[in-house]
Amino acid sequence: MARIIPITDFSAPELDVYARLTENQLVSRRDPSEAMFIAESPVVIERALDGGCVPVSFLMEDKHVTGRGAALIARCGDVPVYCAPEAVLCRLTGFHLTRGMLCAMRRPARPAVEEVCRGASRIAVLENVMNPTNIGAIFRSAAALGMDALLLTDEGSDPLYRRAIRVSMGTVFQLPWTYFPSGCAWPALLHSLGFATAAMALRADSLRLDAPELRACEKLAVVLGTEGDGLAAQTIAACDYTVMIPMAHGVDSLNVAAASAVAFWELGKR
């Protein structure tokens with residue numbers, strides 16, 4: 001049974017995870033098994049639990065303990081539930097809690113690329129995408145529009161940052177994903193796993209997104225680049241296809257999150 005604990009002392013060390021530790025500090029623990037992330041809102045917390053994530057504690061408005069948070073609390077055994085009125089929680093955390101609750105959770109172990117790709121026929125690859133909002137939006141589009149898995153380079157943003165999780169609506173817990181090993185020649189790795197690679201880039205020699213040879217690929221990786229600069233030249237050179245979304249009215253390109261949704265809709269068709 002959960003332990004319901006009204007907040008009476010802002011300096012209590014058990015509240016550090018919500019009030020005083022940065023997201024990088026939550027990740028960078030001496031013991032990797034102690035690394036954590038913060039899930040925000042009932043829907044996101046529920047999807048994290050459904051995905052097998054292990055809760056450490058809750059922080060929620062006291063009205064939710066017997067309201068919209070009750071079913072979530074009931075799933076989590078004797079984890080502590082720290083509670084207070086909304087104004088107190090805003091003072092503690094420095095921001096408004098979406099839907100009135102947070103949950104600190106253990107970070108799951110990262111699976112290997114081969115494990116994530118097993119059985120997949122359409123995957124997305126993010127090369128150094130830095131903005132957590134974009135990461136979250138891409139995950140949501142990937143989950144909704146036919147991608148089976150998602151792979152990231154290690155210089156990009158963390159899908160388990162609170163904002164990325166929230167923007168994704170918890171789809172980071174529904175779609176298999178992992179990072180490539182540092183320094184990995186990942187286009188070659190994907191080729192060894194049977195994937196054709198399609199680099200999204202506006203170039204004169206690019207195929208249109210609806211090119212029939214792309215639809216014909218049994219296994220296809222859709223590769224998207226960082227905000228602003230796009231994909232590295234060596235990445236484009238290492239991919240099998242260069243693919244473009246035709247632009248109109250003099251627009252030079254789409255935001256990476258918007259481009260991902262268009263690409264996933266078209267290339268996710270099988």
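Because the structure is a prediction, the values reported are computed rather than measured.
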- Item | Point-to-point distance, once rounded to the nearest 0.5 Å, from CZ of F139 to CD of Q174 | 11.5 Å
- Check: L145 main-chain N/O paired with W265 side-chain donor or acceptor under 3.5 Å: no
- Message: Is the shortest side-chain heavy-atom distance between V167 and Y161 below 4.5 Å?
- Response: no
- Task: Quick one: pull up CG in L254 and CE in M200 and give me the separation to the nearest 0.5 Å.
- Result: 9.0 Å
- Message: Rounded at 0.5 Å granularity, tell me how far CG in L92 sits from OG in S11.
- Response: 10.5 Å
- Task: Without swapping roles, check the side chain of T242 against the backbone of A201 for a donor-acceptor pair under 3.5 Å.
- Result: no
- Here the pair of heavy atoms bringing P176 nearest to D148 is CD-O, 3.4 Å
- Item | Stepwise side chain to side chain contact (heavy atoms under 4.5 Å, CB included) check, V262 with L209 | CA-CA 9 Å; V262 176; L209 192 62; 3.7 Å; yes
- Task: In sequence, state the C-alpha distance, the side-chain angles, and the governing distance for L126 and T153, and then conclude on side chain to side chain contact (heavy atoms under 4.5 Å, CB included).
- Result: CA-CA 7 Å; L126 304 186; T153 59; over 6 Å; no
- How about S41 and R166: does a side-chain donor come under 3.5 Å of a side-chain acceptor? no
- Test F37 against F173 for ring pair (Phe, Tyr, Trp, His ring centres under 6.0 Å), laying out the working first. CA-CA 12 Å; F37 68 91; F173 307 114; 5.5 Å; yes
- Output for pair (I123 CD1, M147 CE), nearest 0.5 Å, gives 9.5 Å
- Message: Side-chain heavy atoms nearer than 4.5 Å, only ILVMFWY residues, links allowed to pass through others: does that put V243 and L190 together?
- Response: no
- Query: Can you list the steps and then say if L224 with F264 is a side chain to side chain contact (heavy atoms under 4.5 Å, CB included)?
  - Reply: CA-CA 11 Å; L224 296 132; F264 298 159; 3.9 Å; yes
- Rounding to 0.5 Å, atoms CD1 (I38) and CD1 (I45) come to a distance of 9.5 Å
- Please name the pair of heavy atoms, one in L72 and one in M101, separated by the smallest distance, quoted to 0.1 Å. CD1-SD, 3.8 Å
- Between S141 and I138, is there a donor-acceptor pair closer than 3.5 Å when you use the side chain of the first and the backbone of the second? no
- Message: In the structure I gave you, are the side-chain heavy atoms of L189 and E114 within less than 4.5 Å of one another anywhere?
- Response: yes
- Task: Establish, from distance only, whether the side-chain atoms of T235 and E127 form a donor-acceptor pair under 3.5 Å.
- Result: yes
- Task: Give the cluster check for V222 versus L231: same hydrophobic cluster or not, with ILVMFWY residues linked at side-chain heavy-atom distances below 4.5 Å.
- Result: no
- Task: May I ask you to decide whether R106 forms a salt bridge with E34, counting only side-chain N to carboxylate O separations under 4.0 Å?
- Result: yes
- Message: Between E227 (side chain only) and V129 (backbone N and O only), is there a donor and an acceptor less than 3.5 Å apart?
- Response: no
- Same cluster for V223 and L202 if Ile/Leu/Val/Met/Phe/Trp/Tyr side chains link at under 4.5 Å? no
- Item | Check: S168 and T171 side chains under 4.5 Å, non-hydrogen atoms | yes
- Query: With a 4.0 Å cut-off, would you call R107 and D158 a salt bridge?
  - Reply: yes
- Query: When hydrophobic residues are tied together by side-chain contacts of less than 4.5 Å, even through go-betweens, does L26 share a cluster with Y82?
  - Reply: yes
- Note on the structure: Between A39 and M105 the two heavy atoms that sit nearest each other are CB-SD, 4.4 Å
Result block: side-chain N/O donor-acceptor pairs under 3.5 angstrom for residues 48-63, not counting sequence neighbours:
{"residue": "D50", "atom": "OD1", "partner": "R75", "partner atom": "NH1", "Å": "3.0"}
{"residue": "D50", "atom": "OD1", "partner": "R75", "partner atom": "NH2", "Å": "2.9"}
{"residue": "S57", "atom": "OG", "partner": "Y18", "partner atom": "OH", "Å": "2.8"}

- Query: Near R208 CZ, under 6.0 Å, is it more than 12 heavy atoms from other residues, nucleotides or ligands?
  - Reply: no
- Message: I'd like to know if L102 and V43 are part of one continuous hydrophobic network [Ile/Leu/Val/Met/Phe/Trp/Tyr, side-chain heavy atoms within less than 4.5 Å].
- Response: no
- Query: Can you tell me if R162 uses its side chain to pair, donor with acceptor, with the backbone of E40 under 3.5 Å?
  - Reply: no
- Heavy atoms only: give me the nearest A120-F195 pair and the separation to one decimal. O-CZ, 3.6 Å
- Task: Calculate, to the nearest 0.5 Å, the distance between atoms CD and NE2 belonging to E86 and H64 respectively.
- Result: 8.0 Å
- Message: Using side chain to side chain contact (heavy atoms under 4.5 Å, CB included), reason through L214 and Y241 one step at a time and then give a plain yes or no.
- Response: CA-CA 8 Å; L214 297 174; Y241 304 101; 3.7 Å; yes
- Closest non-hydrogen atom pair, V116 against L151: CG1-CD2, 4.0 Å
- Item | Heavy-atom closest contact (A221 atom, V125 atom, distance) | CB-CG2, 4.2 Å
- Task: Run through D9, T93, L21, I7 and flag the one making a side-chain contact (heavy atoms from CB on, under 4.5 Å) with L15.
- Result: I7
- Tell me, do I4 and C83 make a side-chain contact under 4.5 Å, heavy atoms counted? yes
- Item | Expected output: side-chain R3 to main-chain D78 donor-acceptor under 3.5 Å | yes
- T22 meets the side-chain contact (heavy atoms from CB on, under 4.5 Å) criterion, sequence neighbours left out, with N24, Q25
